[in-house]
Amino acid sequence: MHCIIHQEALCAKTVQLGDVMNTVVKTVNIIRARGLHHREFQAFLSDVDAEYGDLLYHSEVRWLSRGSVPLVPQLYAHMKAFCVKLRLFETQLRNFNVAHFPTLSEVKVAFPEVNLSAKKGKYVSVITSLMTEFSLRFQDFSAIEKEIQLFSTPFLMDAEEVEESLQLELIEMQCDDSLKNQHQLLPLPDFYRSLEEAKFPKRSITAPTKCSAVPIIGI
């Protein structure tokens, strides 16, 4: 499977809000193109106690180091939450509820006489397009959602709902209070490495669990 982060970047391309990004990229290039501009900008950031001390070049798609990216279940959870938010945004915007769009809210208050229906329609269209793109690009992950849940929350799964070859090991795990405590205290990779391979051969981590690979063994 392709990396979730890469898929999200491809989804973002469908929005086509170039009027924003073109200005951002042009500004970044002006600052970074000449050493003097770059040093003056860094000095400015220091003077205003900015959270960040420098400006990075813009990249269409950012690949993270394999050693520092989160696990697939974490990325998938963020992606699902974002999709739910998109549905909420779409519903609210159709009714012109701008609770989660502060800039649009300011415009609406400042210019109550202006008809913003066309703008509303544009934003609803963008969100609908994003929802469609996410649904298409992440359908493979949706198909293995139960396996992802089994990997991330094994103590909450019903043994009857998992693959038969894993049922007995899952029951053994769920009935072991010490393992339940370890699961709460340790990062997921460390938890699975701590399992006795002889006792849990199918649940041992024997493959990468980062965003570029499927996190479940035995599927």
Side-chain angles (χ1 to χ4, degrees), residues 1-15 51-52 56 58-89 130-219:
M1 291 187 182
H2 294 294
C3 174
I4 287 181
I5 297 174
H6 180 59
Q7 295 285 9
E8 288 181 340
L10 293 176
C11 288
K13 285 182 175 293
T14 66
V15 177
E51 181 179 356
Y52 302 101
L56 300 177
H58 171 72
S59 173
E60 287 294 326
V61 177
R62 291 195 180 278
W63 291 98
L64 301 181
S65 166
R66 177 176 177 142
S68 61
V69 295
L71 298 177
V72 167
Q74 294 170 317
L75 287 171
Y76 185 60
H78 287 304
M79 186 276 296
K80 283 205 308 178
F82 182 67
C83 289
V84 173
K85 291 176 184 177
L86 286 178
R87 288 196 291 272
L88 175 66
F89 294 160
L130 268 179
M131 290 170 57
T132 301
E133 194 70 14
F134 267 81
S135 177
L136 290 174
R137 288 195 174 276
F138 288 98
Q139 56 186 331
D140 289 340
F141 288 94
S142 298
I144 62 166
E145 183 172 8
K146 193 173 294 293
E147 284 83 356
I148 293 176
Q149 291 174 344
L150 174 61
F151 174 77
S152 58
T153 57
F155 292 93
L156 299 180
M157 295 295 295
D158 185 341
E160 294 185 2
E161 296 182 359
V162 306
E163 184 183 333
E164 292 180 352
S165 63
L166 299 174
Q167 288 176 336
L168 299 184
E169 288 188 19
L170 180 62
I171 292 173
E172 287 283 348
M173 182 186 298
Q174 291 177 339
C175 292
D176 191 324
D177 290 337
S178 64
L179 290 181
K180 187 176 297 185
N181 290 334
Q182 283 183 230
H183 182 263
Q184 294 174 344
L185 296 174
L186 296 175
L188 276 176
D190 292 342
F191 167 73
Y192 283 107
R193 291 190 193 100
S194 72
L195 297 178
E196 298 178 34
E197 189 169 353
K199 189 175 181 180
F200 302 101
K202 295 184 181 298
R203 302 294 295 156
S204 298
I205 294 298
T206 56
T209 58
K210 301 302 182 183
C211 69
S212 59
V214 179
I216 311 301
I217 307 306
I219 62 170

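If you're wondering where the values come from, they're calculated on a predicted model, not measured in any experiment.
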Which residue pairs satisfy the salt bridge (Lys or Arg N to Asp or Glu O under 4.0 Å) criterion with at least one member in residues 177-186, sequence neighbours excluded? none

Determine whether a donor-acceptor pair (N or O, by modelled atom type, separation under 3.5 Å) exists between the side chain of Q139 and the backbone of L136. yes

Tell me the closest heavy-atom pair linking C11 and R137, and the distance in Å. SG-CD, 3.5 Å

d(L150 CG, D158 CG) to nearest 0.5 Å is 11.5 Å

Might you point out which heavy atoms bring L170 and P154 nearest each other, and give the distance in Å? CD1-O, 3.3 Å

Geometric class of the F138/F134 ring pair [parallel <30°, tilted 30-60°, perpendicular >60°]: parallel

Would you compute the distance between atom NZ of K85 and atom CG of L130 and round it to the nearest 0.5 angstrom? 14.0 Å

Closest non-hydrogen atom pair, M131 against L86: CG-CB, 3.6 Å

Using the side chain to side chain contact (heavy atoms under 4.5 Å, CB included) criterion, which residues pair with N181? Sequence neighbours excluded. Q184

Test your reading of the model: is there a side-chain donor-acceptor pair from Q174 to the backbone of M157, 3.5 Å cut-off? yes

Which pair of heavy atoms, one from A159 and one from I171, lies closest together, and at what distance? CB-CG1, 3.7 Å

P189 and L71 have their tightest heavy-atom pair at CD-CD1, 3.8 Å

Interatomic distance, OG@S142 vs CE@M79, rounded to 0.5 Å, equals 5.5 Å

Does the Q182 side chain pair with the main chain of F191, one donor and one acceptor, at a distance under 3.5 Å? no

Distance in Å, E169 CD paired with E163 CD, rounded so as to fall on 0.5 Å steps: 10.5 Å

Please report whether the ring centroid of Y192 lies less than 6.0 Å from that of F151. yes

What heavy-atom pair brings M173 and F155 nearest, and what distance separates the two atoms? O-CE2, 3.1 Å

Is there side-chain contact between F141 and K80, with heavy atoms separated by less than 4.5 Å? no

Gap separating the CD atom of E172 from the NZ atom of K199, nearest 0.5 angstrom: 5.5 Å

Test salt bridge (charged side-chain N to carboxylate O under 4.0 Å, His left out) applied to D190 - qualifying residues, sequence neighbours left out: R193

